[in-house]
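Notes for the one structure printed next.
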Number of protein chains: 2
Amino acid sequence: MSTRTPEAEPLLTPAEVATMFRVDPKTVTRWAKAGKLTSIRTLGGHRRYRETEVRALLTGIPSQRTE
Amino acid sequence: MSTRTPEAEPLLTPAEVATMFRVDPKTVTRWAKAGKLTSIRTLGGHRRYRETEVRALLTGIPSQRTE
DNA sequence: CGTGAATAGGGTAATTAGGGAG
DNA sequence: AGTGTCCTAATTACCCTATTCA
């Protein structure tokens, strides 16, 4: 493997997450605002989501308690 | 374009499944609750159903009676 | 630096969940 | 046992415009 690997996680756009859950992109935004989904913001304010987390939620795997 | 397509299984809303089966959405919910139909939950608690599974049932795939 | 698509906002209808009774 | 309907509360979908993304 390469010597240096920038720690980059695969991110998903709101539209992609919405498609996977069969919901409206706005709904994904509400989940992020409600703290149900980890959101990473671009410098312009747009949201990106962790693919691993989304897949885990879809599979029905309970997310880790942050407590 | 690269492979920017997260493997997402086509899902159906309760209303869509109900229409396909010619039943009330509440009935579809009962099927899901009874485990007769695989249901995927949104983060808000709403159910989504696998299109492949629904179509298989509609297509008339023998349920392989165990008797 | 323009162009077209996507997203963030906010507000208002439409679905859905859940229980209960017929 | 299985289904359709009534109810309330919660969640989601569609409307708009301005901003950001690619």
Side-chain angles (χ1 to χ4, degrees):
Chain A
M1 295 313 186
S2 54
T3 313
R4 294 181 297 102
T5 302
E7 305 171 14
E9 329 180 27
L11 299 180
L12 298 176
T13 63
E16 290 172 338
V17 179
T19 301
M20 297 172 70
F21 274 97
R22 187 57 168 85
V23 293
D24 195 88
K26 285 298 194 60
T27 302
V28 181
T29 300
R30 286 195 218 92
W31 293 346
K33 210 184 304 182
K36 297 179 180 179
L37 194 58
T38 304
S39 63
I40 299 177
R41 299 277 226 162
T42 65
L43 300 187
H46 287 200
R47 298 184 178 87
R48 296 289 120 94
Y49 305 94
R50 303 177 184 274
E51 182 175 6
T52 56
E53 183 179 8
V54 173
R55 287 186 174 281
L57 291 172
L58 267 177
T59 315
I61 298 179
S63 50
Q64 300 179 354
R65 288 300 162 199
T66 325
E67 133 180 41
Chain B
M1 297 174 57
S2 46
T3 315
R4 291 274 88 236
T5 305
E7 306 166 11
E9 302 185 4
L11 301 178
L12 297 176
T13 63
E16 290 172 338
V17 179
T19 301
M20 296 170 72
F21 274 100
R22 245 339 199 132
V23 294
D24 195 88
K26 202 62 175 294
T27 301
V28 181
T29 299
R30 291 196 183 99
W31 293 346
K33 198 184 303 180
K36 298 180 179 178
L37 198 57
T38 305
S39 64
I40 297 178
R41 296 283 201 137
T42 66
L43 299 190
H46 286 202
R47 297 184 180 88
R48 296 287 119 98
Y49 305 95
R50 300 180 182 276
E51 182 179 10
T52 56
E53 185 177 6
V54 173
R55 285 198 173 180
L57 293 171
L58 279 174
T59 312
I61 288 186
S63 358
Q64 282 296 8
R65 293 282 65 186
T66 330
E67 51 175 302

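Numbers restart at 1 for each chain; the letters A, B, ... are given by sequence-line order, proteins then strands.
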Please report the distance, rounded to the nearest Å, between [atom1] in [X] and [atom2] in [N].
X      : N       : atom1 : atom2 : answer
R41(B) : dT12(D) : CZ    : C1'   : 14 Å
D24(B) : dG18(C) : CG    : P     : 15 Å
R22(A) : dT11(D) : CZ    : C1'   : 15 Å
I40(B) : dT11(D) : CD1   : P     : 20 Å
L11(A) : dA6(C)  : CG    : C1'   : 16 Å
K36(A) : dA10(D) : NZ    : C1'   : 9 Å
Y49(A) : dA6(C)  : OH    : P     : 16 Å
F21(A) : dT15(C) : CZ    : C1'   : 18 Å

Start with the C-alpha gap between L12(A) and M20(A), add the side-chain angles, then the distance that decides, and say whether side chain to side chain contact (heavy atoms under 4.5 Å, CB included) holds. CA-CA 10 Å; L12(A) 298 176; M20(A) 297 172 70; 3.8 Å; yes

From the options dA6(C), dG2(D), dT12(D), select the nucleotide whose nearest atom is closest to the side chain of A15(A). dA6(C)

Please compare R48(A) and H46(B) by the position of their nearest nucleotide in DNA chain D and report the one closer to 5'. H46(B)

Could you say whether G44(A) or T13(B) is positioned toward the 5' end of DNA chain D, judged by the nucleotide with the nearest heavy atom to each? T13(B)

Residue pair T38(A) / Y49(A): nearest heavy atoms and the distance that separates them: O-CD2, 3.5 Å

Correct closest heavy-atom pair for R48(B) and F21(A) would be CG-O, 3.6 Å

Would you indicate, yes or no, if [N] has its OP1 or OP2 atom less than 4.0 angstrom from a side-chain nitrogen or oxygen of [X]?
X      : N       : result
W31(A) : dT12(D) : yes
T29(B) : dA17(C) : yes
T42(A) : dC21(D) : yes
K26(A) : dT11(D) : no
R47(B) : dG18(C) : yes

The test is salt bridge (charged side-chain N to carboxylate O under 4.0 Å, His left out); show your working for E51(B) and R22(A) and say whether it passes. CA-CA 11 Å; E51(B) 182 179 10; R22(A) 187 57 168 85; over 6 Å; no

Mind checking if K33(A) touches a base, just sugar-phosphate, or nothing, with heavy atoms under 4.0 Å? nothing

Got a donor-acceptor pair under 3.5 Å from the side chain of R30(B) to the base of dG18(C)? no

Of V17(A), L37(A), T52(A), which meets side-chain contact (heavy atoms from CB on, under 4.5 Å) against L57(A)? L37(A)

